[in-house]
Amino acid sequence: MVHHSGSIQCFRQQKGMNTSKSETVKEHPLKPSRRSMPCLVQSQTHPQSLSKHSSFLQPNRVQPQPLSAGTSTATVDVVSERAKVVETLENNLLKLSNTEYGDPFLDVGKDKDTYTDDSEHGNYDTRTDQSLLIQNRLTRQKTEPRTKSSLKSDAMASSGLFFKDGKKRIDYILVYKKSSPQVEKRSTFEKNLRAEGLMLEREPAVTNSDIMFVKVHCPWETLCKYAERMNIRMPFRKKCYYTDWRSKTMGSLQRNMRELKSWLPRNPMKLDKEALPDLEETDCYTAPFSRARIHHFTINNKDSFFSNSTRSRIVHHVLQRTKYEDGKSKMGINRLLNNGTYEAAFPPHEGSHKSRHPIKTHGAQNHRHLLYERWARWGMWYKYQPLDLIRRYFGEKIGLYFAWLGWYTGMLIPAALVGLFVFLYGLFTMDSSQVSKEICEANETIMCPMCERNCTLQKLNESCIYAKVTHLFDNGGTVFFAIFMAIWATVFLEFWKRRRAVLTYDWDLIDWEDEEEELRPQFEAKYSQVERVNPITGKPEPFQPFPDKLSRLMVSVSGIFFMISLVLTAVFAVVVYRLVAMEQFASFKWYFIKKYWQFATSGTGVCINFMIIMSLNVVYEKVAYLLTDLEHPRTESEWENSFALKMFLFQFVNLNSSIFYIAFFLGRFAGRPGKYNKLFNRWRLEECHPSGCLIDLCLQMGVIMVLKQMWNNFMELGYPLLQNWWSRRKMKRRGQSMENKISLPQWEKDWNLQPMNLHGLMDEYLEMVLQFGFTTIFVAAFPLAPLLALLNNIIEIRLDAYKFVTQWRRPMPARATDIGIWYGILEGIGVLAVITNAFVIAITSDYIPRFVYAYKYGPCTDQGYRQEKCLKGYVNSSLSVFDLSELGMGYSGYCRYRDYRAPPWSSTPYEFTLQFWHVLAARLAFIIVFEHLVFGIKSFIAYLIPDMPKDLCDRMRREKYLVQEMMYEAELEHLQRERKKNGKQYHHEWP
């Protein structure tokens, strides 16, 4: 047990009391971690600038907001008497906190130089060594001049971020139409919002007389009340760090490394901290907010203590739980949006994302402007993302998405480099390849016709170009790259878990748990007759019986299989097209198409397949909606997970079904000359090119991957741009001038933007997860897939950033600790990728036939494999002989075809040779060995890499201990201060 007398002394030193500094040992601190809320213990004033400017200013310094053009006749609701009383109580509470508690952290708005000791000192018992505490240096900060703050706040008030009094900050915007018939519900809802402590103010739209905006402000007392209910963690003390001799040694080593790095050129990918002053490292202990212990928290400015995203989250919490009618389920803004009472509900942006003045000289106007300049601009494509600022503005859920996307993009760099190396290896060894040489020099080898009527006999050397292109992707590095990518997928997922753990710690999400979600209105309406007590809340709620749930699930699964069968039908239609087009292109008038009819058939087939894919995606989305609604999920998160899983299954099968056909079925069942298999006894099945089927697989993957990424990028940015342009054009048609448009308040500018996707981040995750499948599943056939994915993601990050900052309304800042169901899907794709690449190498490529020939049938038999010379004669060995006279087409002589069959003059003509069985056995053995080897390596790597860094575990345990100690110390000092004030005897022990 730690002696509390020593703890009191530690706390006194933090508070600036006279204590001997010789009792502490000064050491350089370890590298601290960022936390979610700004630590204000170093200064009595909130940082007033984003480069000497700020959007979070004290409203008591703001002049009244002038009315903008077109709003002189605005009708504003009179604030209720209850709201006035709440505001009076709010001020009284603040005064009471300052006088009664006597805590200097509650002296709000004092312009004075402040000295605080950031270190944590104290005498501990024998189990805690003084050398294990690290003391930070004393810091001093000065406040900004009042005149600049006043002028800046006045500009912010006039821009539409405050109520008309210029003091109350707008935390949320509700939009409704005056012509809406739901007047009674809206009035009751707004009355109940005021009863909950929120302040409302109405203002009509400038550009549309039928639109009315309701501005929502959450006062201090209401913020405190709901912050306590929601267990929002807030900062209350500066951190101190625990270390040992190893950490000390590493700390000195890190100092030496930093000194060495200072002489090296600066990393151009890092963001300049001087350009991002609001992202200074903040190291505070946090604890769930409590009004009873408000004196513990570092409240220097009550208007900036809760960040904008936290204020919006609290208001959204209130909006979700406020009733609009009598009844158990008649509550929540979502239901009012669904029934048309309100048109929209969103938190406002913090101002314009552009400025007339450059940010380098005048600083950022607000966080939105800062995000645009340092994140969303195309010129920042090579910079790291400001994740802390993204999280602070958009919330943890969106911050985690961009953190995952940035991590995935960064991990693609080594994969892209290795894939490019494999491709370049094939390029440089293309001319020296023994197989390509033999094909290009086969002037007298006649190949059998590849179609029934219009195809002529061709020489093998006409496939020289195809053979060289195939070598680019099918060479000695293919197997190595497939193993590398399988290991890469595991390393990517395992290190992402570690990265996620660090982010959840830095963003203070370790102890955060999802709130109990409200039921979906559709679920309540369907099962209102059957109730069961919720084991979490202890309240009765509608319940879905198991037989009903099972029957609906079976119908949904049947619908999924039906849609998958529709995909297979579409693939079958493309196969029929290829069989028909093959004959037509072989007899085409243009010489180029007639000569390269196989390339023309594959190319047009890919384009048609892509159009079918994009068309079916629209159908799949509607079917997924229908099936998910049919299941009647209980909550919104269950609905989103079910819908996301269906959309992934549909689009994954839709994208990859044709690729699976080309990889594993094309040319496998075509038959042989004289005995070809035909579809419907009419069309001869397509067979592979003399150089193999891998070139068709590469073409299919490359075209679909490039075209789909281009289409997605257009739909993500081009479509919102067109929609916003059309809305601006409609405003001009109504007679609005450009000057009037510029003077629109911020809430109306946000209303004219596009709302965020209905499913939030589901579309963004789905696109990236499908790309991850392309990058890993068939990477053995297309080594350039990681490079294409990397280039696309570099663009994707800035596209998404530009879209979130400039084209979309500000989404509600939601919290999350992981990426949800998508992590499990990524792990499933990683397992499937190992199996698929094993089959691609064994069956689709010629790696195994070449390997068997070199060791069993080539010139190096029983001598070991000796590079390319051991493949001499491989092409002739892989081609079988057929008697042309058996075709009955007037040909004579012999032709060759790809297979391992006996010649016509043997005792068993056209039967499989012993080499065929050797190759088949080697293929099956390779699949088994490859899968077990790679799965073993993946499991071993996953075992070696812990989900959480060890230093983070130690830091969390140490922090938990210190937080408890400091809470005890702060409470003890507060009680002792109360005793002294009341004249009671002073004691050193706990009361």
Side-chain angles (χ1 to χ4, degrees), residues 31-39 47 50 233 235 267-284 286 307-310 313 350 353 364 366-377 379-413 492 495-510 512 760-761 764-765 768 793-805 808 810-820 822-823 948-949 952:
K31 184 178 179 181
S33 62
R34 295 183 182 175
R35 300 309 295 255
S36 56
M37 303 302 300
C39 178
L50 301 170
R233 301 180 68 90
N267 186 357
M269 298 177 68
K270 287 187 176 180
L271 290 167
D272 187 4
K273 288 189 177 181
E274 295 179 358
L276 296 172
D278 198 54
L279 295 184
E280 59 184 4
E281 293 196 343
T282 56
D283 302 287
C284 296
T286 61
S307 67
N308 277 4
S309 60
T310 304
R313 191 155 54 89
E350 295 180 3
H353 66 276
N366 49 67
H367 280 158
R368 188 187 184 195
H369 182 212
L370 186 62
L371 278 172
Y372 175 77
E373 291 290 338
R374 301 305 180 197
W375 180 48
R377 285 194 307 110
M380 309 300 292
W381 66 270
Y382 61 95
K383 294 283 189 181
Y384 293 136
Q385 299 183 88
L387 294 178
D388 287 340
L389 186 59
I390 297 170
R391 170 253 180 175
R392 193 176 302 173
Y393 193 82
F394 292 110
E396 286 81 1
K397 192 172 185 178
I398 294 176
L400 270 177
Y401 163 71
F402 281 104
W404 176 82
L405 181 57
W407 184 259
Y408 171 46
T409 304
M411 289 293 291
L412 279 173
I413 294 177
F492 160 64
F495 275 97
W496 162 248
K497 287 194 286 188
R498 293 168 61 88
R499 174 63 173 160
R500 185 198 66 83
V502 173
L503 286 175
T504 52
Y505 172 78
D506 290 344
W507 292 352
D508 216 9
L509 297 171
I510 295 295
W512 180 80
L761 296 171
E764 315 297 332
Y765 276 118
M768 290 295 102
N793 287 6
I794 292 174
I795 300 173
E796 178 75 19
I797 291 176
R798 304 305 157 180
L799 274 180
D800 287 345
Y802 185 83
K803 178 176 59 180
F804 271 92
V805 174
W808 278 0
R810 187 177 183 178
M812 201 284 293
R815 306 200 88 186
T817 57
D818 52 33
I819 61 176
W822 301 108
Y823 185 84
M948 187 177 294
L952 180 60

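These numbers come from the heavy atoms of this one structure, side chains and all, not from hydrogens, waters or symmetry mates.
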Notebook entry, point to check: Do R499 and L503 come close enough that some side-chain heavy atom pair is under 4.5 Å?
Noted result: yes
Check: Taking the side chain from N793 and the backbone from E796, do they hold a donor-acceptor pair closer than 3.5 Å?
Finding: no
Check: Hey, which of Y765, W375, Y384, W407 is the one that makes ring pair (Phe, Tyr, Trp, His ring centres under 6.0 Å) with F402?
Finding: W375
Check: So, the side chain of T504 versus the backbone of L509: is there a donor-acceptor pair under 3.5 Å, distance only?
Finding: no
Item checked: Non-hydrogen side-chain atoms of D800 and W808 separated by less than 4.5 Å -> no
Check: Are the side chain of R500 and the backbone N or O of T817 linked by a donor-acceptor pair below 3.5 Å?
Finding: yes
Check: Between R377 and E373, is there a donor-acceptor pair closer than 3.5 Å when you use the side chain of the first and the backbone of the second?
Finding: yes
Next item on the list: Measure from the ring center of Y408 to the ring center of W404 and say whether it is less than 6.0 Å.
Entry: yes
Checklist line | Closest non-hydrogen atom pair, R374 against P386 | finding: O-CD, 4.2 Å
Margin query: A side-chain contact here means heavy atoms from C-beta on lying under 4.5 Å apart; do I390 and F804 qualify?
Written below: no
Check: Do R368's NZ or CZ and the ring of Y393 fall within the cation-pi criteria of under 6.0 Å and 45°?
Finding: no
Check: How about T409 and Q385: do any of their side-chain heavy atoms sit closer than 4.5 Å?
Finding: no
